[in-house]
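By convention here, the first residue in the shown sequence is residue 1.
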Amino acid sequence: MAEKRDDGLDDAGAPIFDAVLTPHRSLGRTGFAILMGAVAFLWLGIGLYFWSLGAWPVFGFFGLDLVILYIAFRLNYRAARAREEVTVWRHDIAVRQYAPSGRVAEHRFNPFWTRFAVQRKPDIGITEMALKDRARHLPIGHFLNPDDRDSFASEFGYALATVKGK
């Protein structure tokens, strides 16, 4: 999700544009606990039924499925810790990319030499956004949904045009 934090201040030190891009996750902690409880209850019931029929290995495989489902969700939530901070000042663009592991990569661009490239497909919308200068191509917002990409692209494009005086 793209959140706009500040916009259009005329103070020389204040950013023109400042946004934090975060991936959207539709299932919160409570929903995750409810889902895991419901799946565990369902699989326990079915597993006990198979055990009573003499097919006891099925019970173990259901338990293994539950563990694998839990691990998959935990990895998904770990990936959701990724985020990007995009800030535009009159003479600088800063992009901080936070990996799920916590590693931070910071990229700086001169706004007068930077181009904001957006690739669109007619039925899908924006498929890629990137900052480009002579030597670099930095994809941004790859984890955003199409509506958030569109919103970010229009706001960021406007801020970049404002800086360039267009």
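Contact detail for Ala80 and Pro23: the closest heavy-atom pair is O-CG, 3.6 Å.
A continuous path of hydrophobic side-chain contacts links Phe62 to Leu69 [ILVMFWY only; heavy atoms under 4.5 Å]. Residues Val39 and Phe59 are members of separate hydrophobic clusters, defined by side-chain heavy-atom contacts under 4.5 angstrom among Ile, Leu, Val, Met, Phe, Trp and Tyr.
Arg81 pairs by the salt bridge (charged side-chain N to carboxylate O under 4.0 Å, His left out) definition with nothing, not counting sequence neighbours. With sequence neighbours left out, the ring pair (Phe, Tyr, Trp, His ring centres under 6.0 Å) criterion links Trp56 to no other residue. Evaluation of the ring pair (Phe, Tyr, Trp, His ring centres under 6.0 Å) rule for Phe32 yields Tyr70, Phe73, Tyr77 as partners, not counting sequence neighbours.
Note: Phe152 CZ to Phe17 CZ = 4.5 Å, rounded to the nearest 0.5 Å. Separating the NE2 atom in His91 from the CD1 atom in Ile16 is a distance of 9.5 Å, to the nearest 0.5 Å. Note that the CG atom of Leu160 and the CZ atom of Phe156 stand 5.0 Å from one another [nearest 0.5 Å]. Considering CZ of Phe143 and CZ of Arg83, their distance stands at 10.0 Å, rounded to 0.5 Å. Taking CD of Glu155 as the reference point, atom CG of Asp150 lies at 10.5 Å (rounded to 0.5 Å).
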For this session: Go through Ile140 and Phe116 one step at a time and tell me if the side-chain contact (heavy atoms from CB on, under 4.5 Å) criterion holds.
Result: CA-CA 10 Å; Ile140 56 176; Phe116 182 51; 4.0 Å; yes
List, one per line, each side-chain donor-acceptor pair under 3.5 Å for residues 124-132, sequence neighbours excluded.
{"from": "Thr127", "atom 1": "OG1", "to": "Gln119", "atom 2": "O", "distance (Å)": "3.3"}
{"from": "Glu128", "atom 1": "OE2", "to": "His137", "atom 2": "NE2", "distance (Å)": "3.2"}

Can you list, pair by pair, the side-chain donor-acceptor contacts under 3.5 Å of residues 99-115, counting residues two or more places apart and other chains?
{"from": "Glu106", "atom 1": "OE1", "to": "Arg96", "atom 2": "NE", "distance (Å)": "3.1"}
{"from": "Glu106", "atom 1": "OE2", "to": "Arg108", "atom 2": "NE", "distance (Å)": "3.4"}
{"from": "Glu106", "atom 1": "OE2", "to": "Arg108", "atom 2": "NH2", "distance (Å)": "3.0"}
{"from": "His107", "atom 1": "NE2", "to": "Gln97", "atom 2": "OE1", "distance (Å)": "3.3"}
{"from": "Arg108", "atom 1": "NH1", "to": "Asp92", "atom 2": "OD2", "distance (Å)": "2.2"}
{"from": "Asn110", "atom 1": "OD1", "to": "Phe112", "atom 2": "N", "distance (Å)": "2.9"}
{"from": "Thr114", "atom 1": "OG1", "to": "Asn110", "atom 2": "O", "distance (Å)": "2.5"}

Pairs under 3.5 angstrom only: tabulate donor-acceptor contacts from the side chains of residues 42-52 to other protein residues two or more places apart or in another chain.
{"from": "Ser52", "atom 1": "OG", "to": "Tyr49", "atom 2": "O", "distance (Å)": "2.6"}

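A salt bridge (Lys or Arg N to Asp or Glu O under 4.0 Å) check over residues 134-147, counting only residues at least two apart or in different chains, returns the pairs Asp133-Arg136.
Cluster partners of Phe61 are Leu64, Ile68, counting Ile, Leu, Val, Met, Phe, Trp and Tyr whose side-chain heavy atoms approach within less than 4.5 Å, directly or via other members.
Between Leu21 and Asp148 the shortest side-chain heavy-atom distance does not fall below 4.5 Å.
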